[in-house]
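This structure is a prediction, so every number in the text was calculated from the model and none was measured.
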Amino acid sequence: MISPKLEVLIATFGRDGLGRVIEMNLPEVEGVRYLVCCQNPAGENLDSEAAPLLRRPDISIHYFADRGSAVNRNHAFDLARAPYLLLADDDLRYKAEGLRRVIDTFDSHPGIDIATFRAVMPDPRIHPDTEHDLDIPFRFYTPVMFEIALRRDAVERIGLRFSHLTGVAAPRLAAGEEDLLIFHALRKGLKGRFFPADIVEHPGSTTYWRLYDDPRVLRSKGAVFRIIHGNIGALIRYPIEALRSPAGFFKAIYCYIDGFIYSIIHRKEL
């Protein structure tokens with residue numbers, strides 16, 4: 001493939017991760033390239049696992065000796081060369097029409113830097129019914145990672161990257177990386193819009209729903225709320241969110257405040 005229009009940025013980890021990428025049965029689509037970033041801190045020989053993927057010219061694999069999903073996604077940003085980028089995990093199911101929809105959306109909306117879509121998944125979700133500008137809050141709507149596509153020149157223009165203190169294997173915050181990415185992107189002037197179209201299937205629950213009562217996830221919510229809504233806005237929202245939390249009011253409040261303090265101490269990195 002000479003010049004792909006869309007790169008699907010797949011973040012994975014180790015031998016099992018490459019196996020999951022193989023199970024994705026990635027469709028061959030004209031104009032689409034798959035960029036797989038695989039963290040392998042143990043330095044294992046993964047040639048046999050990678051072989052089925054490397055037989056395809058539309059798939060490339062890059063290895064890194066570090067840890068952390070946000071760090072890995074930043075590797076993908078650094079390596080990407082296509083004009084359009086789609087964030088991805090290693091447990092998704094794509095169809096050709098969904099990937100073409102991403103390309104067509106950017107082609108027909110030259111003023112849009114961030115496009116979010118719908119993923120078909122078992123977790124309860126709320127999306128706008130029609131196209132919706134991302135700088136206008138929509139009650140209970142936040143895109144998940146693999147619903148987000150970006151224009152690469154806009155990403156590079158503002159130096160947009162994930163915070164290494166968020167996501168899987170981060171020190172304290174196991175979630176919230178996409179929320180902060182979009183928040184910083186919009187604050188720096190990028191234009192984003194939601195488009196009511198299904199582009200991918202996620203057969204299982206996301207980290208947020210699987211680990212809803214994990215202190216790392218609850219702490220992430222507290223940190224993200226403070227960054228996005230400010231100190232007073234977050235403190236007003238915490239009791240309401242804690243009442244809704246399946247983790248229980250007191251555990252949720254404690255973790256939210258912990259995240260609040262953590263986000264102040266590390267405000268430059270977040």
Side-chain angles (χ1 to χ4, degrees), residues 1-82 84-96 98-99 102 119 121 144-150 152 155 161-171 173-175 177-178 181 199-208 210-211 214 216:
M1 181 179 296
I2 304 300
S3 299
K5 295 194 75 172
L6 173 68
E7 278 182 298
V8 182
L9 309 183
I10 302 174
T12 192
F13 188 97
R15 188 183 309 276
D16 291 343
L18 287 178
R20 288 191 294 271
V21 175
I22 292 172
E23 292 173 0
M24 290 172 73
N25 293 317
L26 298 167
E28 295 186 45
V29 183
E30 183 178 358
V32 176
R33 177 174 179 259
Y34 302 96
L35 195 160
V36 180
C37 287
C38 180
Q39 289 176 310
N40 182 27
E44 295 182 274
N45 186 331
L46 302 178
D47 291 348
S48 60
E49 285 75 19
L53 298 171
L54 292 177
R55 282 195 282 268
R56 287 180 47 174
D58 60 340
I59 299 177
S60 66
I61 303 176
H62 306 268
Y63 298 102
F64 301 93
D66 48 23
R67 293 177 181 270
S69 60
V71 174
N72 204 17
R73 295 188 195 283
N74 287 340
H75 290 320
F77 276 156
D78 293 339
L79 292 166
R81 294 295 178 267
Y84 311 145
L85 311 176
L86 179 62
L87 302 177
D89 289 329
D90 59 12
D91 54 354
L92 303 171
R93 299 293 180 267
Y94 288 104
K95 293 183 178 179
L99 297 173
V102 177
M121 53 196 298
V144 297
M145 186 71 68
F146 39 85
E147 293 177 324
I148 301 170
L150 308 103
R152 186 174 65 85
V155 169
R161 292 296 186 271
F162 289 93
S163 170
H164 68 279
L165 296 183
T166 60
V168 177
L173 308 179
E177 60 264 55
E178 62 264 56
L181 184 86
I199 63 163
V200 66
E201 179 183 358
H202 189 273
S205 291
T206 62
T207 300
Y208 179 85
R210 285 186 289 106
L211 303 176
D214 189 302
R216 297 168 299 167

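A salt bridge links Arg161 to Asp78: at least one charged side-chain nitrogen sits closer than 4.0 Å to a carboxylate oxygen.
Scanning all heavy atoms of the two residues, the minimum distance from Phe146 to Ala119 falls at CE1-CB, 3.6 Å. Minimum heavy-atom separation, Pro4 to Ala82: O-CB, 3.5 Å.
In this structure Glu147 satisfies the side chain to side chain donor-acceptor pair (under 3.5 Å) test together with Arg125, His127, sequence neighbours excluded. For the side chain to side chain donor-acceptor pair (under 3.5 Å) test, residues two or more places apart in sequence or in another chain that qualify with Tyr84 are Asp107. With sequence neighbours left out, the side chain to side chain donor-acceptor pair (under 3.5 Å) criterion links Thr12 to Asp90. In terms of the salt bridge (Lys or Arg N to Asp or Glu O under 4.0 Å) criterion, residue partners of Glu7 (sequence neighbours excluded) are, by chain and number, Arg33. Listed by chain and residue number, Arg15 satisfy the side chain to side chain donor-acceptor pair (under 3.5 Å) test with Glu44 (two or more places apart in sequence, or in another chain).
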>> Does Leu86 form a side chain to side chain contact (heavy atoms under 4.5 Å, CB included) with Tyr34? I'd like the steps, not just the answer.
In response: CA-CA 10 Å; Leu86 179 62; Tyr34 302 96; over 6 Å; no
>> Assess the residue pair Ser60 and Val36 against the criterion (side chain to side chain contact (heavy atoms under 4.5 Å, CB included)); give the C-alpha distance rounded to whole Å, side-chain angles, the decisive distance to 0.1 Å, and a yes or no.
In response: CA-CA 6 Å; Ser60 66; Val36 180; over 6 Å; no
> Stepwise, does the side chain to side chain contact (heavy atoms under 4.5 Å, CB included) test hold for Val32 with Val8?
Replying inline: CA-CA 7 Å; Val32 176; Val8 182; 4.0 Å; yes
> After noting the C-alpha distance and the side-chain angles of Glu23 and Leu18, does the key distance pass the side chain to side chain contact (heavy atoms under 4.5 Å, CB included) rule?
Replying inline: CA-CA 9 Å; Glu23 292 173 0; Leu18 287 178; over 6 Å; no
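Side-chain contact between Pro27 and Lys95: absent, with no pair of heavy atoms (C-beta onward) separated by less than 4.5 Å. The side-chain heavy atoms of Leu35 and Ile10, taken from C-beta on, include no pair separated by under 4.5 Å. You'll find the side chain of Glu178 stays beyond 4.5 Å of the side chain of Leu87, heavy atoms only. No side-chain heavy atom of Asp66 sits less than 4.5 Å from a side-chain heavy atom of Pro41. When side chains are defined from C-beta on, Glu177 does not count as touching Leu181, because their heavy atoms never get closer than 4.5 Å.
In summary, the side chains of His202 and Asp91 do present a donor paired with an acceptor at a separation below 3.5 Å, with no hydrogens or angles considered.
In this structure, CG in Leu6 is found 6.0 Å from CG in Leu99, a value given to the nearest 0.5 Å. Interatomic distance, Glu49 CD to Ile61 CD1, rounded to the nearest 0.5 Å: 10.0 Å. Atoms CG and OG, on Asp89 and Ser69 in that order, are 8.0 Å from each other to the nearest 0.5 Å. Atom CE of Met121 sits about 9.0 Å away from atom CG of Leu92, to the nearest 0.5 Å. With rounding to the nearest 0.5 angstrom, the OG1 atom of Thr166 is 13.0 Å from the CZ atom of Arg216. Within the model, atoms NE2 of His164 and CG of Leu173 stand 10.5 Å from one another, a figure rounded to the nearest 0.5 Å.
One N or O on the side chain of Asn72 and one on the backbone of Cys37 form a donor-acceptor pair closer than 3.5 Å. Tyr94 contributes no side-chain N or O that, together with a main-chain N or O of Met24, makes up a donor-acceptor pair within less than 3.5 Å. The main-chain N or O of Leu26 is found under 3.5 Å from a side-chain atom of Arg56 such that the two form a donor-acceptor pair. Between the Gln39 side chain and the Gly68 main chain, a donor and an acceptor come within less than 3.5 Å of each other.
Residue pairs meeting the ring pair (Phe, Tyr, Trp, His ring centres under 6.0 Å) criterion with at least one partner in residues 54-77, sequence neighbours excluded, are Phe64-His75, Phe77-Phe162.
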